[in-house]
Amino acid sequence: MADFTFHHGGVSVPSLDAAIEWYGRVLGFEVEKRFYIEAARSHTAMVRKGALRFEIFEVEGAAPLPEDRRIVPRDLKTHGNKHVAFRVEDLDAFLAEMEEKQADIAFVVREQFGKGCFIRDCAGNLIEFVEEPAG
């Protein structure tokens, strides 16, 4: 089987400039490049934080995110791509930082198998952050 590595996740948003500001202010991503995808009629940016990349699309005439896609338990009941997840060292410290930055914390999980949370970006897209248990 051919080897491959993760390259990026992608989200569609109503305002590319607002999303670039949010991903920078809240999560520390910086613009790697901006471009226009003619076939999709999309103003697009690739943002990066270290080895992590996110592609953000502002597509002309796009529909808003359905309400069920903004709520973790409901979103899982619809087939398709769900979210990307990032690892954090300390979930409680991360949550405190997100509260300080007034991020929209959608869902927090504290189970025996691990801890995590979901936040919503400025367009309502879900992003997961997990703290793996020791051992």
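At least one donor-acceptor pair closer than 3.5 Å links the side chain of Asn125 to the backbone N or O of Ser12. Counting only distance, with no hydrogens or angles, the side chain of Arg53 and the backbone of Met46 share no donor-acceptor pair below 3.5 Å. With Arg69 contributing its side chain and Ile71 its backbone, the two residues share no donor-acceptor pair below 3.5 Å. In this structure, Lys115 contributes its side chain and Leu91 its backbone to no donor-acceptor pair below 3.5 Å.
Cluster membership check: Val13 does not share its hydrophobic cluster with Ile37, using side-chain heavy-atom separations under 4.5 Å among Ile, Leu, Val, Met, Phe, Trp and Tyr. Hydrophobic clustering, with ILVMFWY side chains joined whenever heavy atoms are under 4.5 angstrom apart, groups Val11 together with Met98. Clustering ILVMFWY residues whenever any of their side-chain heavy atoms sit less than 4.5 angstrom apart, transitively, puts Phe35 in a cluster other than the one holding Val31. Cluster membership check: Trp22 does not share its hydrophobic cluster with Val59, using side-chain heavy-atom separations under 4.5 Å among Ile, Leu, Val, Met, Phe, Trp and Tyr. By the criterion of side-chain heavy atoms lying less than 4.5 angstrom apart, applied directly or through intervening Ile, Leu, Val, Met, Phe, Trp or Tyr residues, Val88 is not grouped with Phe118; the two fall into different hydrophobic clusters.
Minimum interatomic distance between Arg34 and Ala45 (heavy atoms only, all atoms of both residues): CG-CB, 4.0 Å. Across all their heavy atoms, Phe57 and Gly10 have their closest contact at CE1-CA, 4.3 Å. The shortest non-hydrogen separation linking Phe29 to Leu52 is CE2-O, 3.8 Å. Considering all non-hydrogen atoms of both residues, Ala123 and Arg70 come closest at O-NH1, 3.5 Å.
Rounding to the nearest 0.5 Å gives a distance of 8.0 Å between NZ of Lys33 and CD of Glu55. Distance check: Leu16 CG to Tyr36 OH gives 12.0 Å after rounding to the nearest 0.5 Å. Atoms OG and CD, from Ser42 and Glu60 in turn, are 8.5 Å apart once rounded to the nearest 0.5 Å. Note that CZ of Phe86 and CZ of Phe54 are 4.5 Å apart. Values are rounded to the nearest 0.5 Å. Atoms CG and CD1, from Leu27 and Ile119 in turn, are 4.5 Å apart once rounded to the nearest 0.5 Å. Here the OH-CG distance, from Tyr23 to Asp121, works out to 3.5 Å after rounding to the nearest 0.5 Å.
Screening residues 85-98 for salt bridge (charged side-chain N to carboxylate O under 4.0 Å, His left out), with sequence neighbours left out, gives Arg87-Glu89, Arg87-Glu132, Asp92-Arg110, Glu97-Lys101.
Remark: of the listed residues Leu126, Asp75, Val72, Val72 is the sole one forming a side chain to side chain contact (heavy atoms under 4.5 Å, CB included) with Phe107.
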